[in-house]
Structure formats: structure tokens, C-alpha cells
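Read through the structure below, which is laid out as C-alpha cells, and then see the notes.
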Amino acid sequence: MKIWVDADACPVVMKEILFKAADRTGMLLTLVANRPVRIPRSPCITFVQVSAGFDVADNEIVKRVTAGDLVITGDIPLAAEVVEKGGFVIDFRGELYAEDNIKERLAMRDFMETLRVSGIETGGPAPLGKADRQAFANQLDRLLVKEK
């Protein structure tokens with residue numbers, strides 16, 4: 001299993017959790033973004049910078065991910081493509097996306113987008129809190145232990 005991170009949107013605190021997990025497990029962690037991202041020196045952690053543009057980082061992740069890999073993202077369409085290729089996805093709140101729930105999440109995302117385009121104020125997600133960080137770390141640990 002390789003871990004891929006949609007780093008343009010990944011909160012710093014989640015990156016720190018991922019850095020520690022990669023060093024602890026020895027799994028390869030690759031951050032993909034269209035702007036420079038600071039990473040610690042580690043044989044397990046790499047960074048790929050892509051050109052600027054809509055979904056360029058997402059497309060690079062989809063191109064490189066293989067079945068059994070893990071992707072960290074909050075982007076539901078990216079998550080759907082990864083799951084379709086046999087990968088796993090964890091969002092920044094610790095929710096695991098897999099075949100059994102990704103279509104529902106994608107439909108809800110599309111519905112909310114339709115509401116927003118229609119002029120209906122839907123609000124945004126609540127800010128990430130301590131419980132979200134804990135849920136993320138716990139879900140990550142469960143997957144990494146299962147992989148080992």
C-alpha cells in the first residue's frame with residue numbers, strides 16, 4: 001500500500017499525522033500539489049509538484065494510484081475515481097470511502113452543488129476540530145494495521 005495525499009487542500013495537522021504514520025510504518029507517503037509543500041526529511045515521504053490548474057493534482061493521483069493504495073482527500077469526485085480503481089480513501093474527518101458508500105456521497109455532493117447553483121445557501125462544513133483529528137488518526141491507524 002502506498003499513501004497519496006491531495007496536499008493542496010490537506011490541513012497541516014493532518015499532514016503531521018501522516019508524516020508520523022509513514023515514518024512509524026515505513027509506508028511510502030507521497031504528497032501531490034500544484035504549489036510547494038514542506039515535507040520532513042524521510043526516506044518514506046516524497047512530494048510531487050504538478051502544474052497549476054483545475055484538478056491537475058487530482059488527475060495525477062488517479063494516474064498513479066493502484067488497487068490497494070490509500071488516498072487522503074476531501075474531494076468526492078477524486079475519491080470516487082480512486083475507489084473505482086480499487087483504492088481506499090479517507091477524508092479529513094476520518095470517513096472511509098469505499099465501494100459501499102462512495103456512490104451515495106457522490107450523489108449527495110452533486111445534489112448540494114445543484115442547490116448552490118440554484119442560489120440556495122447551503123452553508124459549508126464545520127471547521128475541523130479535535131474530534132475530527134482523532135477520528136482521522138484512528139481511521140488511518142485501522143487501515144495501516146490491517147495492511148500490515
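Only a predicted model underlies this, so the values are computations on that prediction, with no experimental measurement involved. When a residue number appears, it is its place in the shown sequence, counting from 1.
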Practice item. Identify the two heavy atoms, one from Phe136 and one from Phe92, that lie closest to each other, and give their separation to 0.1 Å. Key: CB-O, 4.0 Å
Review point. If you look at every heavy atom in Phe19 and Arg38, which pair is closest and at what distance?
Key: CZ-O, 3.9 Å
Point to revise | Approximate separation, where rounding is to 0.5 Å, of Thr73 OG1 and Leu78 CG | key: 4.5 Å
Point to revise | Which residues share a salt bridge (charged side-chain N to carboxylate O under 4.0 Å, His left out) with Glu113, sequence neighbours left out | key: Arg116
Practice item. Find out whether Lys85 and Thr66 are in side-chain contact, i.e. whether some heavy atom of one side chain is under 4.5 Å from a heavy atom of the other. Key: no
**Study point:** Single-linkage hydrophobic cluster Ile76~Val83, side-chain heavy atoms < 4.5 angstrom
**Key:** yes
Check your understanding: Which atoms form the tightest heavy-atom contact between Val56 and Ser51, and what is the distance?
Key -> CG1-O, 3.3 Å
**Study point:** Distance in Å, Leu106 CG paired with Asn101 CG, rounded so as to fall on 0.5 Å steps
**Key:** 11.0 Å
Review point. About how many Å separate CE of Met1 and CG of Leu144, when rounded to the nearest 0.5 Å?
Key: 6.5 Å
Point to revise | Considering all heavy atoms, the nearest Leu70-Leu143 contact | key: CD1-CD1, 3.7 Å
Study note, to complete from the structure: Output for pair (Asp58 CG, Glu81 CD), nearest 0.5 Å, gives 8.0 Å
Point to revise | Check: Asp69 side chain, Lys2 main-chain N or O, donor-acceptor pair, under 3.5 Å | key: yes
Practice item. Provide the full list of salt bridge (Lys or Arg N to Asp or Glu O under 4.0 Å) pairs with a residue in residues 23-37, sequence neighbours left out, each pair given once. Key: Asp8-Arg35, Arg24-Asp141
**Study point:** Glu84: partners by side-chain hydrogen bond (donor to acceptor under 3.5 Å, both in side chains), with sequence neighbours left out
**Key:** none
Point to revise | Taking every non-hydrogen atom, the tightest pair across Asn34 and Gln49 | key: O-NE2, 3.6 Å
Check your understanding: Taking a hydrophobic cluster as the set of Ile, Leu, Val, Met, Phe, Trp and Tyr residues connected by side-chain heavy atoms closer than 4.5 Å, whether directly or through intermediates, do Tyr97 and Val82 fall within one such cluster?
Key -> yes
Check your understanding: Counting N and O atoms only, with roles assigned by atom type, does the side chain of Asp91 sit under 3.5 Å from a partner on the main chain of Glu95, one being a donor and the other an acceptor?
Key -> yes
Point to revise | Reported CD-to-NZ distance for the pair Glu60 and Lys63, which is rounded to 0.5 angstrom | key: 4.0 Å
Check your understanding: Are Leu18 and Val32 joined in one hydrophobic group, where the rule is that I, L, V, M, F, W and Y side chains link up if heavy atoms are under 4.5 Å apart?
Key -> no
Check your understanding: Does Met14 share a hydrophobic cluster with Phe47, counting links as ILVMFWY side-chain heavy atoms below 4.5 Å and allowing steps through other members?
Key -> yes
Practice item. Indicate the atoms forming the closest heavy-atom contact of Val37 with Ala7, along with that distance. Key: CG2-CB, 4.2 Å
Practice item. Could you state whether Val5 and Ile45 fall into the same hydrophobic cluster, counting links through intermediate Ile, Leu, Val, Met, Phe, Trp or Tyr residues with side-chain heavy atoms under 4.5 angstrom apart? Key: yes
Study note, to complete from the structure: Separation between OG1 (Thr46) and CG (Leu29), nearest 0.5 Å, reads 7.0 Å
Point to revise | Heavy-atom donor-acceptor pair, Ser42 side chain to Cys44 backbone, under 3.5 Å | key: yes
